[in-house]
Peer 1: 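I'd like to ask you about the structure that follows.
Keep in mind it's a predicted model, so treat the numbers as computed, not measured.
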Amino acid sequence: MDKAMLSISRLEGGYGESAVLHGIDLEIRPGEVVTLLGRNGAGKSTTLKAIIGILEKREGSIRFDGKETIRMSSDAIARLGVAYCPEERAIFGSLTVDENMALPPVIAKGGLGVSEIQALFPNLQHRRHAYGSHLSGGEQQMLAIGRILRTGARFLLLDEPTEGLAPVIVKQIGQTIDALKRKGFTILLVEQNFRFALRHASRHYVMEEGRVAEMLEGEISDEGMKRIESYLGV
Amino acid sequence: MIFGYPIQLIMGQVLIGLINGSLYAMMSLGLAVIFGVLRVVNFAHGAQYMMGAFVALMLWQWLGVGYWPALVLVPIIMAIVGIVLERLFLRRLYHIDHMYGLLATYALALIIEGTFRKFFGAAGTAYPNPLPGGINLGFMFLPWYRGWVVVVSVVICAATWFAIERTRLGALLRAATENPVMVRAFGLNVPLIITVTYGFGVALAAFAGVIAAPIQNVSPQMGSHVIAVIFAVVVIGGMGSILGAIVAGFLLGIVEGLTKVFYPEGSSIVIFLVMILVLSLRPAGMFGRPT
């Protein structure tokens, strides 16, 4: 087994008085695309926030490339090579597409070039001078993914990139994830749409009530599918 | 004659209005930038403006440093003062209710004003005019210094607007205003951005103070006189709007000046009447984005 890129153990955390994560253990190896599945409120997004360091209350251990990050500030974690694309996309409305794209600083060599990003998201090219607040949901999502590919971060946290988007755009996001995997990016993907997750990821952690309930890998048997469906309540 | 008033009187008041407007614009600009990034209503802004004028006065009286070098030196000195204040006090308040930031800066304003009153007295001191004389334009007499004030304010406001709206550094500032958590999660040093922003806002207030020194009596109260007006200007322009702060600043200076001609009794409240009017028609202010 490869050495883990990210290894989380006994992670607990939450917001204010309410605890959301109750001891998460998971591992991601370099080059993997892994999903976190689970119902609303299972702690998937909170886990991503803990990894990037914007969850204020977090305890346990999160090691990235062997380095303990549980006490680090989010900017320090980002500079280790972790990039985060939040569920709400967080496109800056008062910045143009170009400015949004240029905002995340380059933290290491090996990021995608502008032309490579344009090739992944040709739609963005005509919108370069549009303000973020004027973009459609699909354009915002492409920009939110596109802008973190430039930085040289090799580990991407994508929180529900397909949420609320038209099928044709969901398909394009899926192709992007496949392309990034081929380029050697490591991706932790939070998804509600588990058909999408199964199509694009190789391993799946199913979360329930702030814990990892199960890990599934490779071809999933009918019985495994049934269990996932019962976890997700579909 | 316009409406039975001599044109010289009206133009004279328009000019005074423009000058006050220049000071309002520069100060509300600083206040708007600080509020945008720090989410702190900087009640010490008036005191920092007053300190700007006093530092210029001290440089001149104690060290013989004149107006023109002071125009550069004072904002730098005051930016450092601002950075120290931010690191010492304001930084500790960001994680709690914004009201504490307001209270802390209000306390700072009172302490600063009280300290200057103790050492310099309340009477105030005159600062020499670096550009005496003027030109007769036919319809009015334009003192050189007043013309200079308007020109330099327009240039400073335009440059600040450009820096914030059109440059890479400005994009960083706008992004930090919108979503500081996300900017930080990209690996950017947001605490440093905040510190620098506060220093810049304070420098703008101090610059306005130096500009005001030769026209107004340099006194410890000059800041508290102007601060209420500045808050009204920022609200009228639209909280957080850079262009709004500039336009509303100049506009309200002129409105105030004209009121002195047509209805002098109303000149001290006209800005607040405009504020009520603007807020009832556009609650987010002239250039504010509704939230």
Peer 1: Is there side-chain contact between B:Val183 and A:Phe92, with at least one heavy-atom pair below 4.5 Å?
Peer 2: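 A side-chain contact exists here, since the closest heavy-atom pair is under 4.5 Å.
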Peer 1: Could you tell me whether the side chain of A:Asp75 reaches within less than 4.5 Å of the side chain of B:Leu188, counting heavy atoms only?
Peer 2: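 No, every pair of side-chain atoms sits at 4.5 Å or beyond.
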Peer 1: So which part of A:Ile148 gets closer than 4.5 Å to some heavy atom of chain B, the side chain, the backbone, both or neither?
Peer 2: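 It is the side chain, since no backbone atom gets that close.
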Peer 1: Evaluate whether atom CG of B:Leu169 has more than 12 neighbouring non-hydrogen atoms of other residues, nucleotides or ligands under 6.0 angstrom away.
Peer 2: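 Count not over threshold, so no.
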Peer 1: Given that the side chain runs from C-beta out, which part of A:Ala83 has a heavy atom under 4.5 Å from chain B: side chain, backbone, both or neither?
Peer 2: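 Neither part; nothing is under 4.5 Å.
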Peer 1: Between A:Ile91 and B:Glu178, what is the shortest heavy-atom contact and its length?
Peer 2: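 Closest approach of A:Ile91 to B:Glu178: O-OE1, 3.9 Å.
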Peer 1: Any Lys/Arg nitrogen of A:Glu99 or B:Arg174 sitting under 4.0 Å from an Asp/Glu carboxylate oxygen of the other?
Peer 2: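 A salt bridge links A:Glu99 with B:Arg174.
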Peer 1: With chain B as the partner, which of A:Ala90, A:Pro104, A:Ser94, A:Ala102 has the greatest number of non-hydrogen pairs under 4.5 Å?
Peer 2: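 The candidate making the most pairs under 4.5 Å is A:Ser94.
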Peer 1: Look at atom CD of A:Glu56 and say whether more than 12 heavy atoms of other residues, nucleotides or ligands are closer to it than 6.0 Å.
Peer 2: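 12 or below, so no.
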Peer 1: Given a strict heavy-atom distance threshold of 4.5 Å, which part of A:Ile52 is in contact with chain B: side chain, backbone, both, or neither?
Peer 2: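 Looking at A:Ile52, just its side chain touches chain B.
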Peer 1: Do you know which two heavy atoms are closest between B:Ala175 and A:Leu95, and how far apart they sit?
Peer 2: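 That would be N-CD1, 3.8 Å.
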Peer 1: Atom OH of residue position B:Tyr94 - does it have more than 12 heavy atoms of other residues, nucleotides or ligands inside 6.0 Å?
Peer 2: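 Yes, enclosed.
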Peer 1: Is A:Leu157 in contact with chain B via its backbone, its side chain, both, or neither, using a 4.5 Å heavy-atom distance?
Peer 2: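 Neither part.
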Peer 1: If you compare all heavy atoms of B:Ala185 against all heavy atoms of A:Ile54, which two are closest, and at what distance to 0.1 Å?
Peer 2: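 Shortest heavy-atom separation between B:Ala185 and A:Ile54 comes out as CB-CG2, 4.0 Å.
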Peer 1: So with a 6.0 Å cut-off around CD of A:Glu59, is the heavy-atom count from everything else above 12?
Peer 2: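 No, CD of A:Glu59 has 12 or fewer neighbouring heavy atoms, counting only those of other groups under 6.0 Å.
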Peer 1: In Å, rounded to the nearest 0.5 Å, how long is the span from CG of A:Leu103 to CE of B:Met182?
Peer 2: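 Here the rounded value is 9.5 Å.
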